[in-house]
Amino acid sequence: MNCPAKRRVVITGLGAITPLGHNPEDYWQALLAGKSGAARITAFDTTGYDVTIGAEVKNFQPGQWMDEREARRMDRFSQFGMASAAQAVKEGNIDFTKLDPKKCGVIMGSGIGGFIEYEEQHNKLLQKGPTRVSPFFIPKLMINAVCGQIAIYYKLNGPNFMVSSACASANHAMGIALRTIQHGEADLVITGGTESAVTVMGLSGFAALKALSNRNNEPEKASRPFDKDRNGFVLGEGCGVLIFEELEHAKKRNAKIYAEVLGFGMNDDGNHITAPDPAGIKPAEAMRLAMEDAGVKPEDVNYVNAHGTSTELNDLTETKAIKIAFGEHARKLAISSTKSMTGHLLGAAGAVELIACVMSIRDNKVHPTINYETPDPNCDLDYVPNKARAMQVNVAISNTFGFGGHNATMVVGKYKP
């Protein structure tokens with residue numbers, strides 16, 4: 001039986017709210033400049049905490065992007081999602097009144113959802129009793145709230161759901177968005193990931209796991225992926241949204257095309273709830289599956305945006321996995337970690353990192369891994385240390401690996417008519 005050819009999917013809009021900027025261009029220029037978004041946490045008093053630093057989104061004003069009254073009915077992670085979607089839709093020059101709403105969807109990812117709302121209402125319950133819990137508690141808390149809010153605002157009736165697979169959430173969401181369009185269930189999908197977990201419980205929980213850097217006196221140097229002196233990741237927050245669109249649909253409305261979404265691969269370590277597969281075999285397989293789905297060979301890939309968390313377990317495992325997946329070509333790859341500057345955006349990480357890949361393809365530049373000062377002999381690939389690099393980028397891959405053993409890899413390439 002002959003299988004029908006896959007429909008081609010391109011990226012026609014970008015939006016971002018990050019610790020480095022409130023739009024994709026500011027975010028990208030900060031990445032190229034090697035700026036860190038980490039600082040002392042301002043959202044709450046960190047007295048008594050072992051970790052007092054994070055990569056917060058600074059000076060975010062939701063009223064800039066949405067009705068203030070509606071914003072008050074959303075958790076911060078949904079506000080990030082609405083703001084990023086508004087940017088992507090505007091920048092993509094999309095008029096939904098001229099499109100079939102049944103063929104336009106929203107598929108986003110988040111690891112935790114409305115963490116802030118949960119904590120606030122739980123405190124209210126303990127201090128004032130159950131009758132004082134807000135009627136908006138559940139609609140603000142639920143992890144799928146952001147997908148619903150975006151669809152309601154733009155009156156979209158196509159596929160709509162939220163994906164949650166810890167730090168792989170955004171890549172899973174975007175991978176499913178890709179396949180939803182390829183299979184003809186939608187022509188356009190607003191996709192990506194959003195997270196806001198720099199909270200008292202978020203910080204306490206990850207600190208208790210000993211996953212966070214406690215380099216409190218020099219926060220801008222705390223996230224140091226692949227460096228021998230790393231001691232954990234920096235907890236971050238933010239959102240990335242991309243418009244995935246079927247090629248002929250995009251051409252019909254003369255859309256600007258940033259890049260083509262070529263492939264997606266996923267699997268699971270089946271090994272441990274928090275630790276990655278130490279041999280790197282399963283994440284390597286996810287990369288191989290993604291390249292196979294994309295129809296590219298390892299030697300076609302120029303750049304890898306690493307998961308690059310700045311934890312010893314991840315950095316060693318990912319280095320092994322890249323060597324397995326790419327063979328000898330691994331030493332010719334440029335590899336960098338966005339998290340060295342943004343911190344770890346958890347369920348939103350894959351989205352902002354795919355935006356970095358798209359910008360790399362657009363500009364033929366790759367951003368550095370900052371704070372790379374003492375090479376780890378067990379991490380011996382080219383991590384683009386400390387300075388951005390001008391180079392041809394035709395094909396880029398983006399890795400995300402999540403607690404639970406989830407591995408998800410996206411492949412994007414230059415659009416070729």
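- Sequence neighbours left out, not one pair with a member in residues 256-285 passes ring-ring contact (aromatic ring centres under 6.0 Å, His included).
- Residue pairs meeting the side-chain hydrogen bond (donor to acceptor under 3.5 Å, both in side chains) criterion with at least one member in residues 372-391, sequence neighbours excluded: K221-E373, R224-E373, D229-T374, R230-D376, T319-Y383, K323-D380, R331-D380, D382-R389.
- For F137, the ring-ring contact (aromatic ring centres under 6.0 Å, His included) criterion is met by no residue, not counting sequence neighbours.
- With contacts defined as side-chain heavy-atom distances shorter than 4.5 Å, the pair P225/T309 does not qualify.
- With hydrogens and angles ignored, the 3.5 Å screen pairs a side-chain donor or acceptor of D67 with a backbone N or O of R69.
- In this structure E248 satisfies the salt bridge (charged side-chain N to carboxylate O under 4.0 Å, His left out) test together with K251, sequence neighbours excluded.
- In this structure N214 satisfies the side-chain contact (heavy atoms from CB on, under 4.5 Å) test together with D50, V51, N216, N231, sequence neighbours excluded.
- The pair R362-E25 counts as a salt bridge, with a side-chain nitrogen and a carboxylate oxygen less than 4.0 angstrom apart.
- Under the salt bridge (charged side-chain N to carboxylate O under 4.0 Å, His left out) criterion, E120 pairs with no residue at all, not counting sequence neighbours.
- Ring geometry for Y49 versus F44: interplanar angle of 30 to 60°, hence tilted.
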*Could you please spell out the steps behind the side chain to side chain contact (heavy atoms under 4.5 Å, CB included) verdict for L247 and I257?*
CA-CA 9 Å; L247 175 59; I257 295 175; 3.9 Å; yes

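- Using a 4.5 Å heavy-atom threshold, the side chains of M108 and V163 count as separate.
- Distance CZ/R73 to CD/E68: 13.5 Å, rounded to 0.5 Å.
- Every residue meeting the side-chain contact (heavy atoms from CB on, under 4.5 Å) condition with H183, not counting sequence neighbours, appears here in chain and number order: R179, E185.
- Residues passing the side-chain contact (heavy atoms from CB on, under 4.5 Å) test with A396, sequence neighbours excluded: Y303, C357, I361, V393, V412.
- One finds the CD atom of E353 at 9.5 Å from the CG atom of N399 (value rounded to the nearest 0.5 Å).
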What pairs of donor and acceptor atoms, side-chain ones from residues 151-160 against any protein atom, are under 3.5 angstrom apart with sequence neighbours left out?
| from | atom 1 | to | atom 2 | distance (Å) |
| --- | --- | --- | --- | --- |
| N160 | ND2 | C147 | O | 3.1 |

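- By the ring-ring contact (aromatic ring centres under 6.0 Å, His included) test, F403 is found to be paired with no residue, residues two or more places apart in sequence or in another chain being considered.
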_Before you tell me yes or no, could you show the steps for D269 and N407 under side chain to side chain contact (heavy atoms under 4.5 Å, CB included), namely the whole-Å CA-CA distance, both residues' side-chain angles and the distance that decides it to 0.1 Å?_
CA-CA 7 Å; D269 289 348; N407 305 310; 2.8 Å; yes

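- Remark: A177 engages I107, V189, T191, F244 in a side-chain contact (heavy atoms from CB on, under 4.5 Å) (not counting sequence neighbours).
- For the pair V241/C239, a side-chain contact is recorded, criterion being any heavy-atom separation below 4.5 Å from C-beta on.
- Scanning for ring-ring contact (aromatic ring centres under 6.0 Å, His included) contacts around F233 gives F206, H344, with sequence neighbours left out.
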*Starting from the C-alpha separation in whole Å, work towards a yes-or-no answer on salt bridge (charged side-chain N to carboxylate O under 4.0 Å, His left out) for E260 and K416.*
CA-CA 8 Å; E260 182 164 0; K416 296 177 181 176; over 6 Å; no

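- The OG1 atom of T199 sits 3.5 Å away from the CD atom of E119 when rounded to the nearest 0.5 Å.
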